[in-house]
Amino acid sequence: MKELPENSVDLVVADPPYNLSKGADWSWDNEVDLDGFGGDWDKTMENWDDMGLEEYAGFTQSWLSEAKRVLKPTGSIWTFGSYHNIGIVNMVYQMLGVEIINEVIWFKRNAFPNLSGRRFTASHETLLWGHTGGPDNREYTFNYELMKSLPFPEDNINDEEKQVRTVWDIPNNKSSQELEYGKHPTQKPLRVLERLILSASNEGDLCLAPFAGSGSTCVSAKLNDRDYLGFETESEHVELARERLKNAKEKPDQLQNGTSENQGTLNQYD
Ligand SMILES: C[S@@+](CC[C@H](N)C(=O)[O-])C[C@H]1O[C@@H](n2cnc3c(N)ncnc32)[C@H](O)[C@@H]1O
């Protein structure tokens with residue numbers, strides 16, 4: 001990102017490591033049939049997702065500074081997180097002068113059940129949407145009327161022609177098309193990314209994914225006629241993203257009719 005010119009990007013969609021690959025390394029036996037939770041579930045345990053707290057805070061400060069530098073005054077940044085990291089992201093936004101526009105709760109109604117019975121079932125992720133202009137210079141793009149007009153057929157919280165709320169009901173499912181070329185351990189569904197991209201950018205805009213993973217943000221940008229740029233450290237994910245992008249020609253069925261299959265990530269410690 002340091003090599004990019006300043007004021008060159010319209011939208012940053014950041015899905016950073018949540019720093020949650022901790023605790024016991026165990027796996028779920030996918031043969032076990034749990035009512036309503038069929039599919040392929042894994043606990044995330046990745047080296048890139050395990051840092052000390054101070055290291056993680058420094059890492060967040062480092063990439064967010066670069067994101068701020070490359071964003072145009074009309075641009076904005078979405079960052080994904082969970083309770084493990086989103087407090088740090090929030091603090092760094094504020095320290096850098098990135099004004100928070102909205103905190104959005106992505107409610108995952110098909111989240112994996114809590115197995116220990118020692119805490120509530122984690123069923124959401126948090127998104128922080130911010131811009132760099134500050135309170136006196138709010139030039140960021142927000143396609144308010146478009147968002148209001150979209151039907152979101154699977155969302156039981158947001159209705160067509162009503163203002164879109166800050167709680168989004170989007171199942172964490174990927175269509176078979178999204179998994180056609182392989183899986184990423186923390187792959188996001190295209191329908192979540194589409195909502196971010198449509199709300200905060202226009203056709204022809206440049207979307208940057210600092211943590212591209214399997215390329216979901218870039219694929220969604222391409223399918224919605226935006227330009228895209230992604231960074232990713234793991235070569236296997238780069239290959240997967242390239243393959244997906246090469247073949248991304250039309251939106252998967254699930255964006256229209258909600259067909260889906262479970263595939264997700266356990267993010268609980270026990
Ligand atoms: C949460 S995942 C992103 C998943 C992506 N949204 C998707 O749908 O596939 C974070 C990704 O960041 C990558 N990563 C970790 N550290 C990185 C760094 N310093 N620079 C670029 N990518 C990094 C990891 O390899 C991982 O693929």
Side-chain angles (χ1 to χ4, degrees), residues 1-4 9 11-22 40 42-52 55-67 70 77-86 88-89 92 104 106 108 122 125-128 170-175 177-197 207-224 226 228-245 247-248 251-252 254-255 260 263-267:
M1 285 170 77
K2 285 201 162 88
E3 292 177 20
L4 296 179
V9 169
L11 179 66
V12 175
V13 177
D15 186 15
Y18 290 8
N19 203 26
L20 58 75
S21 291
K22 323 251 181 217
D40 189 8
D42 295 303
K43 183 178 182 189
T44 306
M45 289 299 267
E46 304 289 338
N47 287 336
W48 49 258
D49 192 41
D50 184 11
M51 300 176 211
E55 185 190 0
Y56 189 78
F59 165 75
T60 304
Q61 204 261 348
S62 163
W63 72 257
L64 267 170
S65 300
E66 286 305 307
V70 301
I77 172 166
W78 285 102
T79 305
F80 282 89
S82 62
Y83 67 87
H84 309 82
N85 71 323
I86 204 69
I88 293 172
V89 172
V92 175
V104 168
W106 166 26
K108 302 187 285 190
E125 294 189 29
T126 305
L127 288 134
L128 283 183
I170 308 179
N172 187 22
N173 295 349
K174 269 74 69 177
S175 70
Q177 287 154 278
E178 292 176 75
L179 304 172
E180 198 174 348
Y181 303 100
K183 288 178 184 172
H184 182 284
T186 62
Q187 186 171 331
K188 296 291 186 294
L190 289 180
R191 54 191 148 181
V192 175
L193 298 161
E194 177 159 89
R195 224 185 265 201
L196 310 183
I197 288 170
C207 296
L208 169 66
F211 307 96
S214 64
S216 309
T217 297
C218 298
V219 168
S220 185
K222 181 179 176 189
L223 294 175
N224 288 292
R226 274 69 169 165
Y228 54 85
L229 178 60
F231 294 105
E232 170 57 51
T233 45
E234 306 295 308
S235 55
E236 65 189 294
H237 302 330
V238 174
E239 285 315 308
L240 173 55
R242 286 208 172 116
E243 202 57 27
R244 288 183 73 193
L245 278 161
N247 294 288
K251 294 181 185 178
Q254 69 167 17
L255 295 176
S260 54
Q263 187 259 345
T265 304
L266 302 182
N267 61 6

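Note that the structure is a prediction, hence the values are computed from the model and not measured. Both ligands and their constituent atoms are indexed starting at 1 by order of listing.
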For atom 3 (C) of ligand 1, which protein heavy atom lies nearest, and how many Å away is it?
D15 OD2, 3.3 Å
Between E194 and R191, does at least one N-O distance fall below 4.0 Å, as a salt bridge requires?
no
Do any N or O atoms from the side chain of Y228 and from the backbone of G215 form a donor-acceptor pair under 3.5 angstrom?
no
Number the atoms of ligand 1 from 1 as they appear, then name those within less than 4.0 Å of a heavy atom of P17, with their elements.
15 (C)
Can any side-chain N or O of Q187 pair as donor or acceptor with the backbone N or O of S214 at less than 3.5 Å?
no
Please state whether P210 comes within less than 4.0 angstrom of ligand 1, counting heavy atoms only.
yes
Number the atoms of ligand 1 from 1 as they appear, then name those within less than 4.0 Å of a heavy atom of S214, with their elements.
7 (C), 8 (O), 9 (O)
Give the residue, atom name and distance (to 0.1 Å) of the protein heavy atom nearest atom 2 (S) of ligand 1.
T186 OG1, 3.1 Å
Will you find, in the side chains of R244 and S216, an N or O donor that is under 3.5 Å from an N or O acceptor?
yes
Member of V238, L245, L240 meeting the side chain to side chain contact (heavy atoms under 4.5 Å, CB included) criterion with R242:
V238
Under 3.5 Å, is there a donor-acceptor pair between the side chain of E125 and the main chain of S82?
no
Ignoring hydrogens, just give me the one of T233, D49, V238, V13 whose non-hydrogen atom is nearest atom 22 (N) of ligand 1.
T233
Region of P16 engaging ligand 1 - heavy atom pairs below 4.0 Å:
backbone
A student checking ligand 1 against K188 at a 4.0 Å heavy-atom cut-off should list atoms 6 (N), 7 (C), 8 (O)
Can the ring centroids of F211 and W63 be said to lie less than 6.0 angstrom from one another?
yes
Ligand 1 contact on W48 by region, counting heavy-atom pairs under 4.0 Å:
side chain
Looking at E232, K183, H237, the heavy atom closest to atom 25 (O) of ligand 1 belongs to E232
Residue E234 vicinity, atoms of ligand 1 by number, heavy atom under 4.0 Å
25 (O)
Chi angles and distances behind the side chain to side chain contact (heavy atoms under 4.5 Å, CB included) call for Y83, T126:
CA-CA 8 Å; Y83 67 87; T126 305; over 6 Å; no
Does P185 come within less than 4.0 angstrom of ligand 1, counting non-hydrogen atoms of the residue?
no
Has S62 got a side-chain atom pairing as donor or acceptor with G58's backbone, closer than 3.5 angstrom?
no
If we set the cut-off at 4.0 Å for heavy atoms, which region of H184 has an atom near ligand 1: side chain, backbone, both, or neither?
side chain
Residue and atom name of the nearest protein heavy atom (relative to atom 12 (O) of ligand 1), distance in Å to one decimal
F211 CB, 3.4 Å
Using a strict 4.0 Å cut-off to heavy atoms of S216, name the atoms of ligand 1 that fall inside it.
7 (C), 8 (O), 9 (O)
Which of the numbered atoms in ligand 1 are under 4.0 angstrom from any heavy atom belonging to Q187?
7 (C), 8 (O), 9 (O)
So W106 and F80, would you call those rings parallel, tilted or perpendicular, with 30° and 60° as cut-offs?
perpendicular
